[in-house]
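Labels below follow one simple rule: chain letters A, B, ... track the order of the sequence lines, proteins then strands, and each chain is numbered from 1. Since the structure is predicted, the reported quantities are computational estimates derived from the model, not experimental observations.
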There are 2 protein chains.
Amino acid sequence: MIRHRIFRLTNPSIRWRILLPVVNESSRLSAQDWARAALKAIADGGLAAVAVEPLARTLGVTKGSFYAHYRNRDELITAALTEWARSHGAEGLAEFAAIADPARRLRELLTTVVQAVQPLAPSVHLSLLGDRNDPRVRDAVHQVNQARLELLARTYRELGLPPDRATSRARVAYAAILGLLHLAQTDPDAPHSAVLADEATAIFLPS
Amino acid sequence: MIRHRIFRLTNPSIRWRILLPVVNESSRLSAQDWARAALKAIADGGLAAVAVEPLARTLGVTKGSFYAHYRNRDELITAALTEWARSHGAEGLAEFAAIADPARRLRELLTTVVQAVQPLAPSVHLSLLGDRNDPRVRDAVHQVNQARLELLARTYRELGLPPDRATSRARVAYAAILGLLHLAQTDPDAPHSAVLADEATAIFLPS
DNA sequence: TCTCTTTAATACTGTCGCGTATGGATACGG
DNA sequence: CCGTATCCATACGCGACAGTATTAAAGAGA
């Protein structure tokens, strides 16, 4: 206990630099830090891994800290899911939506939409499928999928497909991207994603 | 306690018929019954839902029964995953592999491979995504995916595609099927699978 | 420097699930 | 009908986590 005090007084923020590049620069945690840690936990263990005490341990604090930011575990989960849906829904697609040429936009979408947004994003998406019975999870995933599907469908329309065909085409194309992600995460010797992105592009770009 | 005895003596197997159509006809449980219950739990809660005492409750017994069949929880999980991988790997594909005409085989595969094998199979597959860090899960999923991919690739070769293109084509096609499953499970207003199966077939059947 | 707010530590209670021990009940072969 | 193996109930100890209460420390502002 004494040692702990000395440690913190001597260098209040050293533990971050070493143990936790995730959190902010200050020596104290914010609600966002907890939400980010929760997302990281989701990415490699699903909702079940969002446990207050284990999270506190990896953050180098005790749960006394947590309850200064959230009322309970559910509130943290909701916050994390909301944050994820926000940053990966319409908002996360802004840069793609801004591309004027539909052909180029489609190519970009097909190759990077899932991977590019944030490094741990795909893992979160996949992990959430395991908890799809939770209504909050279902909403968040649906929101993200919907935003992407709409952009894809719009792109196909701009490429000349009739509306209904554009919709189902977008659905199958997006499904393929999701599935490739799925395979990549469970296959140890999966081919590099670039190769498959090319294959997918060849298939899903209307000739 | 008395009432319990009376209940069992009066009609030893009534509770099954009413509460648990999953289990066998006998009034006592087998190891397979537990494995099946475990798979059901996985289907709607992932590995975390495979908990001995809750399972015992839904089966109408206490955990004293469980430990007569398995040494511990891990053994049950392994058994359930092994059973799933067996019945959904090469073995579950036998009837498709038996189809001589590659075009018809491909069509059947694309429309029914994931849904048809067993009703709760797709849910298990998706739920396992949330636990893909567990090596046993990874193995089981990989085994099932691999069997399907190989059959698909073989089919594409028989349809005249060069081997490497057949492989990547199979991969993208299978990914699309998986992804459609993802979407169907998270989308409340998802279009009927038949429609999309048609769309998929149109895309993935080489012209 | 003093005060106020935010963040964190500590100690507690309650709950849930795992695993063990033990004895009773049931099915089945002789 | 009897004995034995299998299945099941009960009671127990244990550890992990949620949540509360209380107190202390750190940061921000006057």
Margin query: Without decimals, in angstroms, what is the distance between B/Y67 OH and D/dA5 P?
Written below: 24 Å
Notebook entry, point to check: Whole-Å distance between C/dA8 C1' and A/F66 CZ?
Noted result: 14 Å
Next item on the list: Would you indicate which nucleotide in D/dG27, C/dG19, D/dA18 comes nearest to any side-chain atom of A/P54?
Entry: D/dA18
Checklist line | Length of the CG-P vector between A/D74 and D/dC17, whole Å | finding: 17 Å
Item checked: Given C/dC18, C/dC12, C/dT7, the nucleotide with the shortest approach to the side chain of A/R28 -> C/dT7
Next item on the list: Decide if atom CZ of A/R107 counts as having more than 12 heavy atoms of other residues, nucleotides or ligands within a radius under 6.0 Å.
Entry: no
Next item on the list: Could you check how far CG of B/L59 sits from P of D/dA9, rounded to whole Å?
Entry: 11 Å
Check: Would you say the base of C/dA8 and the side-chain of A/K63 have a donor-acceptor pair closer than 3.5 Å?
Finding: no
Item checked: Atom-to-atom span, CG of B/L55 to C1' of C/dC16 - whole angstrom -> 14 Å
Next item on the list: Compare the minimum distances between each of C/dA8, D/dT20, D/dC17 and the side chain of A/L29, then state the nucleotide with the smallest one.
Entry: C/dA8
Notebook entry, point to check: Which whole-number value in Å describes the distance from A/E53 CD to C/dA8 P?
Noted result: 16 Å
Next item on the list: Can you figure out which of D/dC8, D/dA18, C/dT10 approaches the side chain of B/T62 most closely?
Entry: D/dC8
Next item on the list: Please report, rounded to the nearest Å, how far the P atom of D/dC17 is from the CG atom of A/L76.
Entry: 15 Å
Check: Can you tell which of D/dG19, C/dA9, C/dT7 lies closest to the side chain of A/A68?
Finding: C/dT7
Margin query: Under the criterion salt bridge (Lys or Arg N to Asp or Glu O under 4.0 Å), I'd like the reasoning laid out for B/R138 against B/D131: C-alpha separation, chi angles, the key distance, then a yes or no.
Written below: CA-CA 8 Å; B/R138 198 188 291 267; B/D131 301 290; over 6 Å; no
Item checked: Contact under 4.0 Å: A/R71 side-chain N or O vs D/dT20 OP1/OP2 -> no
Next item on the list: Give a yes/no on whether any side-chain N or O of B/H69 is located under 4.0 angstrom from OP1 or OP2 of D/dC8.
Entry: yes
Checklist line | Closest listed nucleotide, where the reference is the side chain of B/A51 and the choices are D/dA18, C/dG17, C/dG19 | finding: C/dG17
Checklist line | From CA spacing to verdict: ring pair (Phe, Tyr, Trp, His ring centres under 6.0 Å), B/H182, A/H182 | finding: CA-CA 10 Å; B/H182 295 191; A/H182 171 161; 5.6 Å; yes
Next item on the list: Rounded to the nearest angstrom, tell me the gap between atom CZ in B/R73 and atom P in D/dA16.
Entry: 15 Å
Next item on the list: Report yes or no: does A/S127 contribute a side-chain atom to a donor-acceptor pair with the main-chain N or O of A/A43 at less than 3.5 Å?
Entry: yes
Next item on the list: Decide if atom CZ of A/R73 counts as having more than 12 heavy atoms of other residues, nucleotides or ligands within a radius under 6.0 Å.
Entry: yes
